[in-house]
Number of protein chains: 2
Amino acid sequence: MATMTDVARRAGVSVSTVSYVLTGTRPISEATRERVLAAMAELDYQPNAMARGLASRRSNIVGLLLPLTGRGLGATETAFVTGATEAARQAGYHLMLCSVGTDDSDELQTLATQRLLDGFLVMEVQLTDRRVDLLRKLQVPFVLIGRTEDADGLACVDIDFEQTVDDAVAHLVGLGHRTLAYVNHSEASLASGYGPARRTAAAFEAAVRRHGVEGLMVPSDDTATSGRQAIRRAREQSPELTGVLVMNENAALGILTELRETGLDVPGDVSVVSMVTSEVVADLASPALTAMTSPGAALGAAATRALLKRVGEHDTSTYQELLPCVLEIRGTSAEARKH
Amino acid sequence: MATMTDVARRAGVSVSTVSYVLTGTRPISEATRERVLAAMAELDYQPNAMARGLASRRSNIVGLLLPLTGRGLGATETAFVTGATEAARQAGYHLMLCSVGTDDSDELQTLATQRLLDGFLVMEVQLTDRRVDLLRKLQVPFVLIGRTEDADGLACVDIDFEQTVDDAVAHLVGLGHRTLAYVNHSEASLASGYGPARRTAAAFEAAVRRHGVEGLMVPSDDTATSGRQAIRRAREQSPELTGVLVMNENAALGILTELRETGLDVPGDVSVVSMVTSEVVADLASPALTAMTSPGAALGAAATRALLKRVGEHDTSTYQELLPCVLEIRGTSAEARKH
DNA sequence: ACGCTTCGTCGAAACGCTTCGACAAAAGCT
DNA sequence: AGCTTTTGTCGAAGCGTTTCGACGAAGCGT
């Protein structure tokens with residue numbers, strides 16, 4: 001393995017000159033630059049990442065804080081990770097997966113103090129999140145995927161839930177539906193103050209009022225079975241219901257099954273719009289789900305860019321970027337039946 | 001940020017003594033060890049990962065070579081990643097996600113030569129894989145998830161496809177099915193020599209022969225639509241077909257839809273067993289899919305353990321570990337109809 | 001009491017890079 | 001022409017560890 005000293009000797013310059021060629025920190029004449037580059041090529045030189053990191057106090061690695069609960073990642077999260085990895089790579093950075101629980105402060109502190117990582121991308125952000133306080137105290141650059149209660153002084157990238165819900169409701173109302181149900185996340189997450197659940201709940205209420213239609217919200221777990229129960233409950237409470245907005249994918253599929261088995265046609269009798277849904281899952285259903293496709297990869301890329309900017313420029317300003325899900329009309333939404 | 005020098009001064013010993021306490025490389029008396037540990041605690045000392053890496057030529061990071069194609073990761077892959085991350089963490093290692101294309105030798109070479117990673121986990125292994133040759137040439141420890149054509153001298157961890165197919169066929173035959181179809185991966189992947197496709201094809205043929213039943217194989221892309229076409233084709237060729245084994249999840253859901261719309265009952269008329277399927281996806285269907293659940297997390301953990309062993313002990317022997325998928329009987333398989 | 005090994009510790013030399021101050025040489029001003 | 005900048009390069013001092021050789025102090029067998 002060739003080192004910088006080898007390159008310097010071969011090119012007949014000092015090591016510092018080689019370093020300047022590599023980093024561009026100081027001007028180097030065209031002639032010697034070429035000699036150095038040639039020497040590197042001949043020796044198959046690759047800078048040693050550890051040595052570089054030690055000397056420059058930069059690892060060029062960012063950590064992705066992702067509590068791996070064991071139940072796996074959904075398509076949205078996966079897309080996010082993919083997008084982030086790709087964006088990091090393009091900027092010459094690497095992404096390290098850090099499976100640290102949301103409340104495992106010790107583990108996170110170790111990780112952040114080791115000087116192995118230049119910054120953090122924080123996923124699965126709670127409304128009040130201990131990791132945020134810790135990272136802030138430690139003065140480590142970080143960007144949240146999601147938002148805390150008070151986002152002041154923080155950098156966040158998140159789905160624009162308000163816009164997304166509003167677009168979905170507008171779509172259904174535009175098709176003539178006058179009585180809507182929103183199948184949200186579970187009661188538990190609503191109670192614990194889970195951001196997306198809270199925000200969409202509020203947004204749904206606002207949208208419904210603004211459009212002057214009836215709206216009913218019911219909670220559901222993220223399983224097909226729970227989705228079936230939810231839609232049954234919704235139809236009991238409000239039998240004239242023709243438009244359904246549903247937060248999570250598995251519940252959405254359960255709802256389709258339940259409606260079909262009740263003898264109702266989708267989208268003939270009832271229209272269903274799924275939120276924050278990936279294309280893959282949408283196509284699993286038959287007919288394919290009309291859905292608000294989550295901008296997973298775009299979010300990941302945006303978050304990474306924001307983080308790298310903070311790392312590079314010691315930027316520490318408040319920053320917020322919200323991306324809406326985009327409506328993909330497929331087979332489960334149609335004009336409301338006239339009566 | 002406290003350094004080792006600070007700790008040494010505080011404990012009244014030399015830096016090397018501190019280092020020995022930390023690494024256990026040389027014996028240290030109980031008394032000074034305690035003094036050193038106390039000093040560390042008082043100073044909130046954390047070893048600097050870069051310095052340690054430079055001096056010891058070990059980063060304690062392993063790379064996960066995962067071509068992120070943009071179409072996202074399935075549940076099995078995700079579980080794998082999760083399992084690997086967790087296993088690495090428990091051994092004091094970290095996992096770095098490396099999105100490197102299967103034929104991007106330059107990128108991989110850079111990565112491996114940088115001395116940033118102690119070893120590699122290689123996913124999406126092709127039957128003949130250029131990455132394998134490169135890593136071998138570079139003398140970097142690595143473990144494959146999957147198998148190449150010639151696995152001699154390599155370390156591989158993979159699904160035991162032969163066993164899995166055999167178990168699935170045995171399940172269907174045990175229920176009285178005498179004519180089976182196997183909906184495999186696409187024609188293209190079969191032609192390109194994709195391992196799982198080839199291996200399951202051979203295993204299916206063998207199992208069918210061994211059990212003395214009829215078997216037909218049809219290819220399908222990994223989409224619901226393609227699954228529907230595949231089952232239609234299979235029933236044309238072999239109308240008395242009552243048992244279906246299907247390789248990929250999306251196709252499996254398509255098959256259920258197609259059968260239902262043809263007026264056939266599952267599992268009353270036809271039994272369907274899905275292979276290498278995660279629980280989440282299995283539950284999406286109604287009735288839930290009887291499936292061979294892939295041991296994603298276990299595979300990831302096994303691969304990581306194997307890799308760390310090689311890294312630590314400069315072990316370079318041939319190694320192979322195969323884990324079968326386990327049969328989860330749910331709602332899509334039942335006794336064959338008597339006639 | 002004598003050498004001999006074992007134990008516990010120290011000092012110093014790596015590890016391979018970045019970065020700072022210094023300094024000729026070249027270039028830009030009046 | 002003389003003076004100040006700017007440009008291009010060098011040497012050396014870190015960065016915070018690990019690791020190796022050395023060495024005094026114990027512990028052992030005889």
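So you know, we letter chains A, B, ... as the sequences are listed, proteins then strands, and number each from 1.
- Atom-to-atom, CD of Gln114(B) to C1' of dG16(C) comes out at 14 Å; the value is rounded to the nearest Å.
- For Ser19(B) (side chain) and Val15(B) (main-chain N/O), no donor-acceptor pair under 3.5 Å exists by modelled atom type.
- Each of Asp158(A), Val132(A), Leu307(A) was compared with Leu144(A) under the side-chain contact (heavy atoms from CB on, under 4.5 Å) criterion, and only Val132(A) meets it.
- Taken residue by residue, residues 19-44 of chain A places heavy atoms nearer than 4.0 Å to DNA chain D at Tyr20(A), Arg26(A), Pro27(A), Ile28(A), Ser29(A), Thr32(A).
- Between the side chains of Thr17(B) and Ser14(B), at least one donor N or O sits under 3.5 Å from an acceptor N or O.
- Judged purely by distance below 3.5 Å, without hydrogens or angles, the side chains of Thr85(A) and Thr82(A) never pair a donor atom with an acceptor atom.
- Map Val15(A) and Val15(B) each onto its nearest nucleotide of DNA chain C; the residue landing nearer the 5' end is Val15(B).
- Rounded to a whole Å, the CG atom of Leu54(A) is 12 Å from the P atom of dG16(C).
- Bracketed by its first and final contacts, the part of DNA chain D lying under 4.0 Å from non-hydrogen atoms of chain A reaches from dG8(D) to dG16(D) in 5' to 3' order.
- As rounded to whole Å, 13 Å separates atom P of dG11(C) from atom CE of Met4(B).
- Of the possible donor and acceptor atoms, none in the side chain of Arg33(A) sits under 3.5 Å from a partner among the backbone N and O of Val21(A).
- Separating the CE atom of Met50(A) from the C1' atom of dG16(C) is a distance of 12 Å, rounded to the nearest angstrom.
- Judged by distance alone, with hydrogens and angles left aside, the side-chain atoms of Ser59(A) form a donor-acceptor pair with the main-chain N or O of Leu116(A) at under 3.5 Å.
- Val18(A) comes within 4.0 angstrom of nothing in the nucleic acid, heavy atoms only.
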Its dot-bracket string being built from Watson-Crick and G-U pairs below 3.5 Å, with | for another strand and [ ] for crossing, DNA chain D has the pattern ||||||||||||||||||||||||||||.|
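- Within the structure, every side-chain polar atom (N or O) of Arg57(A) is placed at least 4.0 Å from both OP1 and OP2 of dT18(C).
- Under the side-chain contact (heavy atoms from CB on, under 4.5 Å) rule, Asp129(B) has a single partner from Thr148(B), Leu135(B), Leu134(B), which is Thr148(B).
- Within the structure, every side-chain polar atom (N or O) of Ser56(A) is placed at least 4.0 Å from both OP1 and OP2 of dT18(C).
- Looking at Ile28(B), Val7(B), Val18(B) one by one, the single match for side-chain contact (heavy atoms from CB on, under 4.5 Å) with Val13(B) turns out to be Val18(B).
- Following rounding to the nearest Å, Arg115(B) (CZ) and dG16(C) (P) show an atom-to-atom distance of 9 Å.
- Legend: residues meeting salt bridge (charged side-chain N to carboxylate O under 4.0 Å, His left out) with Asp118(A), ordered by chain and number and at least two apart, are absent.
- At a threshold of 4.0 angstrom between heavy atoms, the contacts of Ser16(B) include nucleobase atoms, whether or not backbone atoms are also involved.
- Ala38(B) meets the side chain to side chain contact (heavy atoms under 4.5 Å, CB included) test with Glu42(B); sequence neighbours excluded.
- Qualifying side chain to side chain contact (heavy atoms under 4.5 Å, CB included) partners for Thr128(A), counting only residues two or more places apart in sequence or in other chains: none.
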